[in-house]
Each structure stands twice: as C-alpha cells, then as structure tokens.
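Each ligand, and each atom within it, is numbered from 1 in the order the structure gives.
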Amino acid sequence: MNGITIALSKGRIFEETLPLLAAAGIVPAEDPETSRKLILPTNRPGVSLVLVRASDVPTYVQWGAADLGVAGKDVLLEHGGEGLYQPVDLGIARCRMAVATKRGYDWAGNVQRGARIRVATKYVTIAREFFAGKGMHVDLIKLYGSMELAPLSGLADAIVDLVSTGNTLKANDLVEVETIMPITSRLIANPGSLKLKRDVVKPLVDALAAAAPAMAAAT
Ligand code: AMP
C-alpha cells in the first residue's frame, strides 16, 4: 500500500528521467537495457519502476497501476489526459510536432488553393485540431509507425510527426513545412495516489520538480 510505482517508457524518456530520479535519490537496481524485467526495483525500498510502451504510460497512471509516470505532451494530448494530474513539465525529451512533406511538394500553394491534402500520422487528435484551427480540410490517415514512408510511397502528401534533430526527415528527403508545437515530457500522477500516498508521493514530485529546471536548462 505504501509502495509506489513509476511508469516509464524505454529509450529517450527513460534515459533523460534517470538523472532526475537520481537527484531525488532513486536509482534502479538493474540496468533496463540489459535486464528483461518489466518491473525494476530501485535502491529505495518500496519504490519500483515499470517499463511500458510510451502510449500506455497515461493508462497505467490513470487506472492507478502506477502512481506516477513520465509521458510526452504528444502522448498526453492523444490520450486525452482524463483522470491524470500533470504536476510538472520536466523539460526532457524535447522535440517538436511538425508537418513535413516531400522536398519540392508545393505545400503553401496547395494550402492556398484549398486543395484536398492527405496527411498521414500517428497523432490524429493533434493533427485534427491543428488543421481545424487553420480552417483546412485534410484527409487524415492513421498510421502506427514509419510515417516518413507515407509521402515517399504516395500514401499521403504530408505527415505529422515528432522532429528532434531533423535527421530522419533529411535522410528521407522530407522537409518541415509547419511547426505545430514544442513537445516535452511531463510528470503525471494518479489523483488517488496523490491523496492516499501523499506522504511518499508529494516529496517525490517536489524533488523531481526541483531537479527538472536545472536539467532542462542544461539540455
Ligand atoms: P530526429 O531524426 O532526431 O528528428 O528524430 C525524429 C524521429 O525520432 C521520428 O521518428 C520521431 O518520431 C522520433 N522522435 C524524436 N523525438 C522524439 C521524442 N521526444 N519522443 C518520441 N519520439 C521521438
């Protein structure tokens, strides 16, 4: 009952959350890159980490299977954020949501003409709101991965995807034509946990919040 569980996804979020957890005195007892365990104990008795898919982090926290989690703003907007507190923008896993097309595609011209544009994306909620806000009618095509392939294969005219360095776009001869929003990862909390386990959860949220701005400034 007094133990707490933090949901994280492998990769960039896990790597960038580790220094924040360390600043809060929490260190995983095993390296997730070499361990196949999905539940990682830590040096703090009663604090464990669960490793789940990035898009499943809000679900674990919403249903209380995890007390806290770290999820990108992209994932939270697509999830809807019901039943979650988002107490801290950790400033990590920084990137942006953008529209990209094949190099040479006349994006501005097609938008101006009101052409029917096909857009492939994993982020249909964000894309729908963005294009609606611009008064554009687009056909949204839901994909689950390899979005860069969509304009190259003729599936779509454009994609909405996360861009960090821009290397993936460049490697696939795509160019960013619109920036939708900056994206960072947030600490999310189960509201019940914040109440019922306040004595453990609140100091941890505060410690992570205190560590976050320094980390954000350093990146
Ligand atoms: P980059 O080549 O550095 O621009 O990275 C772009 C690729 O990495 C795309 O496939 C994105 O979906 C993915 N990506 C970039 N940043 C993030 C992030 N913060 N979270 C999840 N995926 C990301």
Side-chain angles (χ1 to χ4, degrees), residues 6-21 32-33 38 49-61 66 68-81 84 86 88-103 105 107 118-131 138 140-153 155-188 208 211-219:
I6 306 169
L8 298 172
S9 54
K10 273 194 184 182
R12 204 171 153 191
I13 287 182
F14 187 84
E15 285 157 22
E16 296 188 26
T17 302
L18 275 188
L20 303 181
L21 287 171
E33 299 303 333
L38 296 176
L49 311 179
V50 290
L51 295 173
V52 301
R53 250 187 111 107
S55 49
D56 289 337
V57 167
T59 308
Y60 273 78
V61 177
L68 295 172
V70 177
K73 185 179 175 188
D74 53 317
V75 165
L76 293 169
L77 288 172
E78 291 298 317
H79 173 268
L84 296 172
Q86 295 180 34
V88 190
D89 179 355
L90 296 172
I92 59 168
R94 197 176 283 276
C95 58
R96 58 191 183 273
M97 190 65 76
V99 183
T101 66
K102 225 158 56 167
R103 184 183 304 283
Y105 176 82
W107 172 259
R118 278 188 296 172
V119 180
T121 189
K122 192 160 96 174
Y123 307 99
V124 285
T125 303
I126 293 172
R128 192 181 299 118
E129 281 186 18
F130 174 70
F131 290 115
V138 301
L140 283 179
I141 301 171
K142 167 87 184 183
L143 286 179
Y144 293 88
S146 301
M147 277 167 275
E148 300 82 14
L149 188 57
L152 306 179
S153 63
L155 176 65
D157 303 301
I159 57 172
V160 167
D161 195 8
L162 294 173
V163 179
S164 179
T165 60
N167 289 340
T168 304
L169 293 182
K170 207 178 290 170
N172 290 291
D173 210 25
L174 301 173
V175 289
E176 185 173 340
V177 291
E178 307 249 12
T179 303
I180 299 180
M181 64 177 77
I183 300 283
T184 48
S185 289
R186 281 110 218 279
L187 181 66
I188 55 173
L208 292 170
M215 300 290 172
T219 54

Are side-chain heavy atoms of [X] and [Y] found at a separation under 4.5 Å?
{"X": "V175", "Y": "V177", "result": "yes"}
{"X": "E176", "Y": "T101", "result": "no"}
{"X": "I180", "Y": "R96", "result": "no"}

Restricting to side chain to side chain donor-acceptor pair (under 3.5 Å), what partner residues turn up for S146, sequence neighbours left out?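 Once residues adjacent in sequence are excluded, S146 has no partner under the side chain to side chain donor-acceptor pair (under 3.5 Å) criterion.
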Tell me the residues surrounding ligand 1, counting only those with a heavy atom closer than 4.0 angstrom, sorted by chain and number.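 Lining ligand 1 at under 4.0 Å, by heavy atoms, one finds R12, A93, C95, E148, D161, L162, V163, S164, T165, G166, N167, T168.
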Should the heavy atoms of other residues, nucleotides or ligands under 6.0 Å from OH of Y123 be counted, would the total exceed 12?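 Result for OH/Y123: enclosed.
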Are there more than 12 heavy atoms of other residues, nucleotides or ligands under 6.0 Å from atom NZ of K73?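 Counting neighbours around NZ of K73, more than 12 heavy atoms of other residues, nucleotides or ligands fall under 6.0 Å, so yes.
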